[in-house]
2 protein chains.
Amino acid sequence: MATIYEVSKLAGVSLATVSRVLNNNTPVKEETRLKVLAAMEELGYQPNSVAQSLASNRSNSIGILVPELNGPFFGTLLSDIENSFRQAGKHVIIAAGHSDEKLEKESISFLQSRNCDALILHVEAVTDEYLVELMEKKVKFVLINRFVPQLYDRCITLNNQHGGYLATRHMLEHGHQNIGYISGPIWKHDAEQRYKGHLRALTEFGIPHSEQLFYEGDYHEESGALGTKALLQKASEITAIVCANDEMAAGALTAARELGRSLPDGLSIIGFDNVNFSHYTFPKLTTINYPMGEMGKMAAQLILKRVYQQNNSSIQTVFEPHLIERDSVSRP
Amino acid sequence: MATIYEVSKLAGVSLATVSRVLNNNTPVKEETRLKVLAAMEELGYQPNSVAQSLASNRSNSIGILVPELNGPFFGTLLSDIENSFRQAGKHVIIAAGHSDEKLEKESISFLQSRNCDALILHVEAVTDEYLVELMEKKVKFVLINRFVPQLYDRCITLNNQHGGYLATRHMLEHGHQNIGYISGPIWKHDAEQRYKGHLRALTEFGIPHSEQLFYEGDYHEESGALGTKALLQKASEITAIVCANDEMAAGALTAARELGRSLPDGLSIIGFDNVNFSHYTFPKLTTINYPMGEMGKMAAQLILKRVYQQNNSSIQTVFEPHLIERDSVSRP
DNA sequence: TTGTAAGCGTTATCAC
DNA sequence: GTGATAACGCTTACAA
């Protein structure tokens, strides 16, 4: 591989000049510019990004930490992030935290040890304090799907409460009065918010809320099935179930069928997230869209702007979900 | 951030010695070793991986190129690859090629410009010749899901023919005699092999093959629906359809239902790949497992062994698929 | 077993 | 505008 030194010799200029045309940050006479460019071409010169990083103290790499790499959720996030950065000549290093505090911390150190210029964190297990400390240590990062007050200007979040509201309102507008709710782990911020939105819709329609109609699941398919069975047993008058995510909704679909309910006539079900499999269910799942891709893109923009001073588009930190109507909801 | 130099001063030894305990490749007296370790601890020293790369001419990074980052397929691949490398202290840089020749080539140069020590390539559009050239340029890489004779010892592949055979045999064993086949683009190697397996099973059971029963799709859901309608119209005696992947099988399920066939009694359907959504369909899809994760792990092992001389486990290059029985196949 | 010193391929600060 | 030259933080002969 040719080096900058060989280029400088061939072009008959100094090292520094070659570096200048490479980075075109300092004016260079057009004539010499062309000479250098020609020399580069001739040698098939490719700058060594490692040496650049060492000298400039920038790696042009961004670390991404997500809970899982598989699963229906993070593909589009990664995809859009990678895309944005690649166009800017940066690259992305990935790691998975598996929603485990120790692993999340390890992954963060790992990414830091890789000299990432910035991190995009989708973390669940680590505490707010830890993240604040990270900020105080001058680590550059953006948070996805989590809001920490002290870090307000680097949090990209979804309006989960509004999503929960939309889901339940959709049921109410279809004339449902007895609506079960299968929640995510209620200690999780998004689960709590989605549930709040549900309650708000209920209140708005003057429907009283009952403990009978609530089941706390764990966001996994199995708990959606369990929840459905539990709810329908406690309160067989239920005609609709709102699930706090699509996985649980899929479980609910299966369970409802096992209990002999026809779908959607015998039981309407709505999900949340609009993950990639949600239109493969039967009936195709009505759900709330989570704009993961856009949020990933925005996280990238934010870093491009704040860390690299590139890009001047405006930054949006909270995103609005919307309803995706498919076939799993009907009138009771 | 503390440097190796500060550590050496604090420990009262030379730069070189610190480097030695860091890499423990050269014997160091236990006593000094401990002094150095203590100094590192005290300073919270973290080696600068960029400087290490420049000096050692190794970046400890591996580039991964897949067609898509989203989609149901590549998550588990990435997940298992990342895992294997992280345990070995390496990291992974990702890129997407979108099955486009130009993009695939660009992505490969991009990854090379990042000084990756090796690449894992899941490419579709680039030619065999291009890959052979790449090898001749001494680029280190492993191919996933593709076999190129000259590159035989760096190809990790699935026995697609056997998979196709298993799928069709499963139908035959259930007593089906009129079996439709929805293929992937037949110019693709895996599509061709899967189809060959189908024919072999037919022959083995003494069932003649008919053009009427073949439909060439494009591996997408829509074409599975189209294919099902076309086949059932041409040959309504069909009682089973073998699809060359799960997406098309999902389309087939929907189309069959629209045509008023009950599932699986009125029509049995089998898929291929066992992607993440295949058990969310209704009925749950019977399919052929594609061990993406294991193949990713193996690709990582191969690189660890050949590029880093780490790991001495044996290398397996061809993987066998197996049947996953769920609910979409019954007797006719 | 340890130290010295020459790189690795850039960028960036000076002068000129 | 351009050219020397000192970093950047580490690895690795070669000596001792």
Side-chain angles (χ1 to χ4, degrees), chain A residues 1-40 43-61 89-91 112-117 308-309, chain B residues 1-40 43-61 89-91 112-117 308-309:
Chain A
M1 199 79 278
T3 72
I4 203 176
Y5 178 70
E6 302 173 46
V7 175
S8 80
K9 264 205 322 204
L10 182 58
V13 298
S14 75
L15 275 190
T17 302
V18 177
S19 172
R20 282 176 190 123
V21 351
L22 207 53
N23 299 292
N24 63 310
N25 42 16
T26 314
V28 171
K29 209 204 302 176
E30 189 57 17
E31 191 187 323
T32 58
R33 230 181 83 77
L34 293 173
K35 270 196 306 195
V36 171
L37 255 18
M40 286 181 174
L43 295 169
Y45 170 74
Q46 281 273 89
N48 178 323
S49 67
V50 173
Q52 287 180 315
S53 298
L54 184 60
S56 65
N57 199 28
R58 281 194 168 180
S59 64
N60 286 310
S61 69
K90 320 283 176 211
H91 71 263
Q112 284 185 273
S113 80
R114 257 40 206 179
N115 297 78
C116 294
D117 296 332
Y308 296 110
Q309 283 78 42
Chain B
M1 197 81 281
T3 71
I4 201 174
Y5 178 69
E6 304 173 43
V7 175
S8 80
K9 262 206 322 208
L10 182 58
V13 298
S14 74
L15 275 189
T17 301
V18 177
S19 171
R20 282 175 191 123
V21 352
L22 208 53
N23 300 293
N24 64 310
N25 43 16
T26 313
V28 171
K29 208 204 303 176
E30 189 57 18
E31 188 188 323
T32 58
R33 229 181 83 79
L34 292 173
K35 269 196 306 193
V36 172
L37 255 18
M40 286 181 175
L43 294 170
Y45 170 74
Q46 281 272 87
N48 178 322
S49 68
V50 173
Q52 287 180 313
S53 297
L54 185 60
S56 65
N57 198 28
R58 282 197 168 175
S59 64
N60 288 311
S61 69
K90 321 284 176 207
H91 71 262
Q112 284 186 274
S113 80
R114 258 40 206 175
N115 296 78
C116 293
D117 296 333
Y308 297 108
Q309 283 78 44

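Chain A is the first sequence line, chain B the second, and so forth, proteins listed ahead of strands; every chain is numbered from 1. From a predicted model like this one, the values you see are computed outputs, not experimental measurements. FYI, side chains are in, hydrogens and waters are out, and symmetry mates aren't considered; it's all heavy atoms of this structure.
Considering only residues two or more places apart in sequence or on other chains, B/Thr32 meets the side chain to side chain donor-acceptor pair (under 3.5 Å) condition with none of them. Taking B/Ser53 as the reference, A/Val50, B/Ser59 meet the side-chain contact (heavy atoms from CB on, under 4.5 Å) condition, with sequence neighbours excluded. Residues passing the side chain to side chain donor-acceptor pair (under 3.5 Å) test with B/Thr17, sequence neighbours excluded: B/Ser14. Residues that satisfy the side chain to side chain donor-acceptor pair (under 3.5 Å) test with A/Tyr308, not counting sequence neighbours, are A/Asp117. With sequence neighbours excluded, no residue satisfies salt bridge (charged side-chain N to carboxylate O under 4.0 Å, His left out) with A/Arg114.
A heavy atom closer than 4.0 Å to some atom of DNA chain C occurs in B/Pro27, B/Val28, B/Lys29, B/Thr32, these being the qualifying members of residues 27-37 of chain B.
In this structure, B/Asn115 CG and B/Asn57 CG are separated by 8.0 Å, a value rounded to the nearest 0.5 Å. One finds the CG atom of A/Leu43 at 9.0 Å from the CE atom of A/Met1 (value rounded to the nearest 0.5 Å). Atom CD of B/Gln46 and atom CG of B/Asn48 lie 10.0 Å apart (nearest 0.5 Å).
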List the atom pairs, with distances to 0.1 Å, where a side-chain N or O of residues 3-13 of chain A and a protein N or O form a donor-acceptor pair under 3.5 Å, not counting sequence neighbours.
from   : atom 1 : to     : atom 2 : distance (Å)
A/Thr3 : OG1    : A/Tyr5 : N      : 3.1
A/Thr3 : OG1    : A/Glu6 : N      : 3.4
A/Glu6 : OE2    : A/Thr3 : N      : 3.4
A/Ser8 : OG     : A/Tyr5 : O      : 2.7

Contacts under 3.5 angstrom, residues 19-27 of chain A side chains, donor-acceptor by atom type, not counting sequence neighbours:
from    : atom 1 : to      : atom 2 : distance (Å)
A/Ser19 : OG     : A/Asn23 : ND2    : 3.4
A/Asn23 : ND2    : A/Ser19 : O      : 2.8

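B/Val13 comes within 4.0 angstrom of the backbone, heavy atoms only, and of no base.
Among all heavy-atom pairs drawn from A/Ser113 and B/Ser49, the shortest one is O-OG, 3.1 Å.
Protein chain B touches strand DNA chain D; the 5'-most and 3'-most nucleotides with an atom under 4.0 angstrom of its non-hydrogen atoms are D/dG9 to D/dA13.
Listed by first and then second residue, the salt bridge (charged side-chain N to carboxylate O under 4.0 Å, His left out) pairs that reach into residues 22-31 of chain B are B/Glu30-B/Arg33, sequence neighbours excluded.
For the pair A/Arg20 CZ and C/dA12 C1', the computed distance is 9 Å after rounding to whole Å.
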Interface polar pairs with nucleotides 6-10 of chain C, N/O, under 3.5 angstrom:
from   : atom 1 : to      : atom 2 : distance (Å)
C/dC8  : O2     : B/Ala55 : N      : 3.4
C/dT10 : OP1    : A/Tyr45 : OH     : 2.8
C/dT10 : OP1    : A/Asn48 : N      : 3.1
C/dT10 : OP2    : A/Ile4  : N      : 2.6
C/dT10 : O5'    : A/Tyr45 : OH     : 3.2

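Overall, the helix from C/dT1-D/dA16 to C/dC16-D/dG1 carries an axis bend of 30° between its ends, with five pairs at each end and the value rounded to 10°.
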